[in-house]
Number of protein chains: 2
Amino acid sequence: MAEDGTGPESASQWGVPVSVGRQRASGRDAPAGRSERSDAARNRRRVLAAAQALFRDRGVDAVTMDDIAAAAGVGKGTLYRRFGDKAGLAEALLDHREVELQEAILTGPPPLGPGAAPGERLSAFLDAYIDLLDADLDLVAMAERSGARLHAGAYAFWRTHVAALVRAAGSPIDPQVAAHLVLAGVAAELYEHLRRGEGRSRAEITGAVTAVAAAVLASRG
Amino acid sequence: MAEDGTGPESASQWGVPVSVGRQRASGRDAPAGRSERSDAARNRRRVLAAAQALFRDRGVDAVTMDDIAAAAGVGKGTLYRRFGDKAGLAEALLDHREVELQEAILTGPPPLGPGAAPGERLSAFLDAYIDLLDADLDLVAMAERSGARLHAGAYAFWRTHVAALVRAAGSPIDPQVAAHLVLAGVAAELYEHLRRGEGRSRAEITGAVTAVAAAVLASRG
DNA sequence: CCGTGAATCGGACTAGAGTCCGGTTATGGC
DNA sequence: GCCATAACCGGACTCTAGTCCGATTCACGG
């Protein structure tokens with residue numbers, strides 16, 4: 001089953017290392033010593049392609065790790081050594097988008113990038129993050145399952161960014177904790193509930209989230 | 001194994017139905033038609049006592065549902081029919097405390113109960129809730145696993161309460177959504193991370209959470 | 001071009017959550 | 001006191017995440 005080695009991986013989008021925003025506990029990405037073995041690289045691409053296709057076709061929850069391993073033509077051990085667990089695999093699939101947003105924040109134009117006022121940058125970030133969330137909700141939800149949310153590499157980035165904005169705005173609230181609290185508002189579980197469970201629109205949610213964030217920045221004790 | 005029916009359940013604290021704040025999807029509590037069968041009531045008490053003892057002795061994560069069933073002297077089917085799943089069992093163990101807080105909010109003295117200003121009531125609630133969280137963190141964390149958080153009966157109560165306070169304070173933010181966002185700040189996963197992962201004190205966290213909540217109430221668009 | 005050893009591979013294995021259903025038992029009516 | 005029946009009981013079963021380790025394969029130096 002599954003195609004052969006050099007097969008039809010049409011839209012090849014998974015390069016090597018890249019990521020500023022991954023790094024989970026286990027499941028290495030860029031081997032320390034020598035460079036990545038070619039079979040390992042091939043299998044990584046196969047797994048990601050198979051996972052994406054299966055998730056798309058059947059929905060994230062109806063796909064087991066065995067399904068993915070079989071479709072990719074690799075053993076389960078390979079899956080787990082490389083991605084750590086199901087959440088890690090989901091995160092790998094999201095890596096590209098997250099890195100894009102991170103780069104836009106670090107070096108892009110305002111208001112997302114440097115230059116705008118803290119309040120504007122925070123609004124722009126939350127808006128962009130909610131875009132990402134809305135586009136791949138199931139994947140993000142899976143990446144945040146089982147307490148992985150706060151330990152994913154990407155989370156540390158968002159948190160640092162938001163904390164810096166809170167501090168820059170002169171809020172009296174502890175910036176590190178405030179950042180956690182603001183980000184809690186865009187947790188996948190909550191967003192999914194609001195969107196699908198309560199039928200709220202993206203705009204309603206974004207409005208409330210940015211309003212709360214603005215209130216935090218504006219707080220003067 | 002395990003003691004017999006009328007055995008040493010010294011501190012009997014689990015009455016019948018009570019709860020304003022339970023009601024999960026499956027796992028009935030108060031049988032609709034006839035009253036609860038006596039053997040069912042006995043088994044419910046046994047299960048709760050066994051679960052509490054095992055959780056206390058070994059820690060929540062080292063106890064399996066089979067362990068609890070065996071210690072309680074019942075089959076797994078009984079466990080699951082009555083409590084739905086592991087999260088439901090944890091919630092049942094927390095029921096007593098949650099009901100107490102709910103009653104204090106509904107009919108107790110200010111600032112927790114009616115009479116105080118919205119800001120004070122919200123602060124008092126968050127403080128009391130964090131007490132509950134801090135006291136039984138593992139249990140609350142288990143009750144919120146697997147997306148159960150937003151669907152537990154107790155959550156609906158807290159949410160309605162907070163929404164009412166937001167509305168009463170005249171905030172321009174959608175009260176229902178704002179309530180979700182405020183409560184997201186006291187999710188067990190986040191609290192556990194701050195407390196154990198980052199070593200923050202209860203006071204630091206409470207301070208930031210109440211400050212954010214105050215900022216939401218004070219928001220004027 | 002070949003030997004060497006470290007990294008990778010993959011499928012059998014473990015463990016625990018949650019489901020199912022035939023047998024048993026309490027309860028209310030007569 | 002007895003019967004019918006609905007509810008309850010419990011352990012075998014399924015399903016899936018995640019682990020382990022012997023066999024295999026690639027990358028590099030000579």
Side-chain angles (χ1 to χ4, degrees), chain A residues 1-2 5 24-47 50-51 54-55 58-90 142-143 145-148, chain B residues 1-2 5 24-47 50-51 54-55 58-90 142-143 145-148:
Chain A
M1 44 208 81
R24 288 169 54 72
S26 63
R28 48 211 164 207
D29 267 312
R34 315 181 178 194
S35 63
E36 184 180 36
R37 263 168 64 162
S38 63
D39 55 344
R42 175 170 44 75
N43 280 342
R44 177 167 46 78
R45 268 180 268 114
R46 277 197 200 176
V47 166
L54 286 172
F55 287 157
R58 291 196 219 158
V60 163
D61 290 329
V63 178
T64 70
M65 292 298 262
D66 292 86
D67 290 339
I68 297 170
V74 304
K76 284 184 66 175
T78 303
L79 229 57
Y80 280 98
R81 189 170 343 87
R82 193 158 278 287
F83 299 103
D85 58 16
K86 215 174 176 182
L89 178 55
M142 172 172 292
R145 294 259 170 83
S146 71
Chain B
M1 40 204 80
R24 288 168 54 73
S26 63
R28 46 213 166 205
D29 267 313
R34 316 181 177 192
S35 63
E36 184 181 34
R37 259 168 67 163
S38 62
D39 54 346
R42 175 170 43 78
N43 280 342
R44 177 167 45 79
R45 268 180 268 115
R46 275 197 201 177
V47 167
L54 286 172
F55 288 158
R58 291 195 220 157
V60 163
D61 290 328
V63 178
T64 71
M65 291 298 261
D66 292 86
D67 290 340
I68 297 170
V74 304
K76 284 183 67 175
T78 303
L79 230 57
Y80 280 98
R81 188 169 345 86
R82 192 158 280 286
F83 298 104
D85 58 15
K86 216 174 175 183
L89 178 54
M142 171 172 291
R145 294 256 173 84
S146 72

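The model shown is predicted, which means the values in this text are computed figures rather than measured ones. Sequence lines set the chain letters: A, B, ... in the order given, protein chains first and strands last, and positions in each chain run from 1.
Residue whose closest nucleotide on DNA chain D sits further toward the 5' end, between B:Val74 and A:Thr78: B:Val74. Nearest-nucleotide assignment on DNA chain D puts the 5′-proximal partner with B:Gly75, out of B:Gly75 and A:Asp66.
The phosphate of C:dC9 (OP1 or OP2) has a side-chain N or O of A:Asn43 nearer than 4.0 angstrom. In this model, the phosphate group of C:dG16 is not approached by any side-chain N or O of B:Thr64 to a distance below 4.0 Å at OP1 or OP2.
For the pair B:Met65 CE and D:dC9 C1', the interatomic distance rounds to 16 Å; values are reported in whole Å. The distance from atom CD1 of A:Ile68 to atom C1' of C:dG11 is 17 Å, rounded to the nearest whole Å. Spacing between atom CG of B:Leu79 and atom P of C:dG16 amounts to 15 Å, rounded to whole angstrom units. Per the geometry, CZ belonging to A:Arg82 stands 20 Å off P belonging to D:dA17, to the nearest Å. Atoms CZ (B:Phe83) and P (D:dC8) sit 13 Å apart, rounded to a whole Å. Here D:dG18 presents its C1' atom at 14 Å from CG of A:Leu89, a figure rounded to the nearest Å. B:Arg145 has its CZ atom 14 Å from the P atom of C:dG16, to the nearest Å. The separation between A:Arg44 atom CZ and C:dA7 atom P is 18 Å, rounded to whole Å.
Counting atom types as modelled, B:Lys86 pairs no side-chain N or O with a base atom of C:dG18 as donor and acceptor under 3.5 Å.
For A:Ala71 against A:Leu54, the heavy-atom pair with the smallest separation is CB-CD1, 3.9 Å. The shortest heavy-atom contact between A:Ala87 and A:Ala143 is CB-O, 3.6 Å. For B:Arg46 against B:Gly73, the heavy-atom pair with the smallest separation is NH1-O, 4.0 Å. Closest heavy-atom contact between A:Met65 and A:Asp85: CE-C, 4.0 Å.
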N/O contacts under 3.5 Å, protein versus nucleotides 21-25 of chain C?
{"unit_1": "C:dT25", "atom_1": "O2", "unit_2": "B:Arg37", "atom_2": "NH1", "d": "3.4"}
{"unit_1": "C:dT25", "atom_1": "O2", "unit_2": "B:Arg37", "atom_2": "NH2", "d": "3.3"}

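The CD1 atom of A:Ile68 sits 13.0 Å away from atom OG1 of A:Thr78, with the distance rounded to the nearest 0.5 Å.
Partners of A:Asp39 under the side chain to side chain donor-acceptor pair (under 3.5 Å) rule, at least two apart in sequence or in another chain, are A:Arg37. Remark: A:Thr64 pairs with A:Asp67 by the side chain to side chain donor-acceptor pair (under 3.5 Å) rule, at least two apart or across chains.
Minimum atom distance to the side chain of A:Tyr80 is reached by D:dT19, of the listed C:dT19, D:dT19, D:dC8. Nearest to the side chain of B:Ser38, among D:dG18, C:dA26, D:dC8, sits C:dA26. Checking D:dG11, D:dC9, D:dT19 against every side-chain atom of A:Lys76, the shortest atom distance belongs to D:dT19.
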